[in-house]
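Shown next, in structure tokens, is the structure this report addresses.
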Amino acid sequence: MTGKVKTVSVKREGRKWFVVLTAEQAQPEPLPATGSAVGIDMGLVNFLADSGGAFVSSPRHRRKAAAKLEAAQQALSRFPRCKARDRTANHQRAVEKVADLHGKVRRQRLDHAHKTALTLVREHDFIAHEDLRIRNMSRAPTPKPDPDRPGAFLPNGGAAKAGLNRSIADAGWGVFLTILHAKAESAGREVIAVDPRNTSRRCPECGHTAKENRPAQEKFHCVSCGHTAHADTVGAVNVLRAGLVRREAQRP
Ligand SMILES: [Zn+2]
């Protein structure tokens, strides 16, 4: 932490107590120019891939934490809804367990986001990333209709689990981008959000855009020119290009 400590507070999450320090940074500290520009592609397997071919893995315990959280939420859901003062000791423990795990996920996410953002801001003058709002809109899950009840949908355990993993990941990217923008601003770096559509389907070598270019989750293979690469790296290269185009367009 840099700067002067401004406030000290103590906060409780479940049964754990934390000391929270906030620091005041007197002046933004611009970092020296590096001459480097980068695009990043955020994913589920890797937290992000960059246009230089590097990867940042997801917070190590995220999957494990998601599984534990799911189990704890299920255990909690078996207790009847009631006011806090009417809870039995077991019910109270179940409530605290869920709060504990939420807190753990939150702290891991924050720590990982700070480290990842700091590395990017130190190494690059210009950072392009996908606009998550556009991405979330174009990626709505497809529910399965129930054939016996028109208008209703089948419960799908797999989808619910994927949904939880997905929502934990989405929250992680949101926190990361907020921190990235703040750090970039104080370091005098430029960050641009771009429309993510087609970034994983467009060939960076020849420009051919087709969903057939992506035969598997991690694989990019251009059906027109034969270019082969990790799909997330291709996404990041396209994000960088879109970012540079946008920057040119914004210049007076
Ligand atoms: Zn190609």
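We count ligands from 1, going down the list as the structure has it; atoms in each ligand are counted the same way.
- Taking the six-membered ring wherever Trp is involved, the centroid distance between the rings of Phe176 and His114 does not fall below 6.0 Å.
- In terms of heavy-atom proximity, Ile179 sits nearest to Ala117 at CG2-CB, 3.9 Å.
- Inter-residue side-chain proximity for Met42 and Glu130 is flagged as met; some heavy-atom pair is nearer than 4.5 Å.
- When SG of Cys225 and SG of Cys206 are joined through the Zn ion (ligand 1), the resulting angle is 110° to the nearest 10°.
- When distances to the Zn ion (ligand 1) are checked against a cut-off of 2.8 Å, Cys203 contributes an N, O or S atom below that limit.
- Glu248 and Arg251 are joined by a salt bridge, as a carboxylate oxygen and a charged side-chain nitrogen come within less than 4.0 angstrom of each other.
- At a cut-off of 2.8 Å, Cys222 is counted among the residues with an N, O or S atom near the Zn ion (ligand 1).
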